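To start, the structure under review is shown below, and the notes come after it.
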Amino acid sequence: MRRSPLLPIFLTVFVDVLGLTLVLPLLPFYAEHFGATPLVVGLLAASYAVCQLVSGPILGRISDRAGRKPTLLASQMGTFIGFLVLGSADSLWMLFLGRIIDGLTAGNLTIAQAYISDVTRPEERTKAFGLIGIAFGGGFLLGPAISGFLAHRFGYASPAFGAAALSLTAIILTAALLPAKQPAPAASPAGAAPPAPLGRGNAFRRFFDRPLPRRRLLEFLAFSLSFSTLIGGLALFLERRFAFDVEKTGYLYAFSGLVGGSIQGGIGRLVKRLGEERLARVGFSAMVVGYGLLGVAYDLPTLLLLVAVAAFGAAVVRPSITTLLTKSVGRDEQGAALGVSQSLASVSQIVGPIAAGWLIEHRALAAYGLMAASFAALGVLLGAQKIPAGEPVES
């Protein structure tokens, strides 16, 4: 691991995620501080995703052509500036501006996943993607708890400035430690021209016209819709059902990160035992249970149990589906495919928080959890479908 390029990519993703998780539980309370309603809180989250929807495929294609490292550095610089704007906010519109800047350059995770695909063999990829899950788990363990502590004692701006400092650290780590790695060229006959880069519309058609990549992308969409709906309304739900403030909300996020990070440490063994497809179905099922029963949670032990079940589900679904997606396309297509998946995640991050904010604003707390669960149930149904006859299995 010390000599592997996975170590610096893990460090940079971890620091990036830590910065993100400093801001994530903070934003609903920060926005409400400036008079935002739950629906406006959802729109704030969606503003980031709208911009990410535009930038995701573009950054994926740029990283395929120009290399992962310079594209990742540019993306991280935008995140750094966005966090600085958040910390300087004195009105609601500045919160929107900070999220828009960050969203327009938001390709950190997609480029990191493409980099991992470049440097790993297919049979090792789920375990390698599990490193991102560990980074997420570690970030969610530390970041929200630190954010809640800082916001409670020093004001809402302090976590945003802390996130900016971490983002700057990630830039330094990427520049100093991450080896430059060009994507592997596609195998082609002698004298044949390399494939032309795909436009966004062409990329969607290219992957959705093929049954196996289409299925993997739809599974990823189901996961993203479920997770985005849950996260988009969780702080507001906790505030109304349990009277949680930003500090207690941060600690609950940290508990979720502890569970997720623990699961990621053993995901390689789970994959060997179950395989990616079955593991994804198990994870989706856990998300259905954890999210769907939130409406009947009125005490802390029940809440913690449901969060643990849901965190297990999300922790195993993401790397499993991402691996299955990269295996369903050629090596020269992986950056574009992950860019499309990022676009689908952006659509989810638009729909989920707005829907969650609208439901919570109308006090439909049980319906909020059931909506998140219904998207995960769609993932179960998609995963149960058989691969069409004649369609090649992932390699």
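In what follows, every heavy atom counts, from backbone to side chain, and hydrogens, waters and symmetry copies are set aside. No experiment lies behind these values; they were computed from the predicted model shown. Heads up: numbering here begins at 1 and tracks the sequence.
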Look up atom [atom1] in [X] and atom [atom2] in [Y], then write down how far apart they are to the nearest 0.5 Å.
X	Y	atom1	atom2	answer
L104	I81	CG	CD1	11.0 Å
F80	L84	CZ	CG	4.5 Å
S256	L304	OG	CG	10.5 Å
L258	I263	CG	CD1	10.0 Å
I146	S158	CD1	OG	11.5 Å
L324	E219	CG	CD	7.0 Å

Do the side chains of [Y] and [X] get nearer than 4.5 Å, heavy atoms only?
X	Y	value
E32	L236	yes
L378	L225	no
T229	V351	no
R240	P38	yes
L86	V23	yes
L279	E276	no
F14	L142	yes
S341	L217	yes

For this session: Using the salt bridge (Lys or Arg N to Asp or Glu O under 4.0 Å) rule, collect all pairs that involve residues 141-166, keeping only residues at least two apart or in two chains.
Result: R153-E247

Exercise. Applying salt bridge (Lys or Arg N to Asp or Glu O under 4.0 Å), which residue pairs with at least one partner in residues 335-363 are found, sequence neighbours left out?
Worked result: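 Listed by first then second residue: nothing to list.
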
[X]: what forms a ring-ring contact (aromatic ring centres under 6.0 Å, His included) with it, not counting sequence neighbours?
X	value
Y156	Y30, H33
H152	none
F242	F244
F223	F227

Problem set entry | Residues in side chain to side chain contact (heavy atoms under 4.5 Å, CB included) contact with L44, at least two apart in sequence or another chain |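 Only L27, A31, S47, L95, F96, R99 meet the side chain to side chain contact (heavy atoms under 4.5 Å, CB included) criterion with L44.
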
For [X] against [Y], the heavy-atom pair lying closest together:
X	Y	answer
A376	M287	CB-CB, 3.8 Å
L382	A222	CD1-CB, 4.5 Å
V317	F284	CG2-N, 3.4 Å
L306	A297	CD1-CB, 4.0 Å
V288	A377	CG2-N, 3.4 Å
L26	A160	CD2-N, 4.4 Å

For this session: Start with the C-alpha distance between L252 and L303, add both sets of side-chain angles, then the distance that settles side chain to side chain contact (heavy atoms under 4.5 Å, CB included), and finish with yes or no.
Result: CA-CA 9 Å; L252 187 76; L303 175 65; 4.2 Å; yes

Find out if a path of hydrophobic residues (ILVMFWY) with successive side-chain heavy-atom gaps under 4.5 Å connects [X] to [Y].
X	Y	answer
L365	L300	yes
L234	L39	yes
I350	Y48	no
V50	I231	yes

Exercise. Do other residues, nucleotides or ligands put more than 12 heavy atoms under 6.0 Å from R278 CZ?
Worked result: no

Between the side chain of [X] and the main-chain N/O of [Y], is any donor-acceptor distance below 3.5 Å?
X	Y	value
T323	P319	yes
T169	A165	yes
S374	M371	yes
T322	R318	yes
S226	A372	yes
S328	L212	no

For this session: Among residues two or more places apart or on two chains, list those pairs meeting ring pair (Phe, Tyr, Trp, His ring centres under 6.0 Å) that have a residue in residues 301-355.
Result: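 Counting only pairs at least two positions apart or across chains, no ring pair (Phe, Tyr, Trp, His ring centres under 6.0 Å) contact touches residues 301-355.
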
For this session: Please collect all ring pair (Phe, Tyr, Trp, His ring centres under 6.0 Å) contacts where either partner lies in residues 335-384, sequence neighbours excluded, each pair once.
Result: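 Those involving residues 335-384 are F237-Y368, W358-H362.
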
Problem set entry | Any pair counted as side chain to side chain donor-acceptor pair (under 3.5 Å), so long as it reaches residues 291-314, sequence neighbours left out |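 For residues 291-314: D299-T302.
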
Problem set entry | Pairwise side chain to side chain donor-acceptor pair (under 3.5 Å) hits with a residue in residues 348-357, at least two apart |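 Residue pairs with at least one partner in residues 348-357: there are none.
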
Exercise. When you look at F161 and L150, which way does the side chain to side chain contact (heavy atoms under 4.5 Å, CB included) test go after all the steps?
Worked result: CA-CA 10 Å; F161 284 126; L150 291 175; over 6 Å; no

Exercise. Does the distance from a Lys or Arg side-chain N to an Asp or Glu carboxylate O, for E277 and R216, drop under 4.0 Å?
Worked result: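 Yes, E277 and R216 are salt-bridged.
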
For this session: Begin with the C-alpha distance, continue with both residues' side-chain angles, and end with the deciding distance and a verdict on side chain to side chain contact (heavy atoms under 4.5 Å, CB included) for R210 and V329.
Result: CA-CA 10 Å; R210 293 146 58 185; V329 300; 4.0 Å; yes

Problem set entry | ILVMFWY cluster membership beyond L370 - transitive side-chain contacts under 4.5 angstrom |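 Besides L370, the cluster holds no residue at all.
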
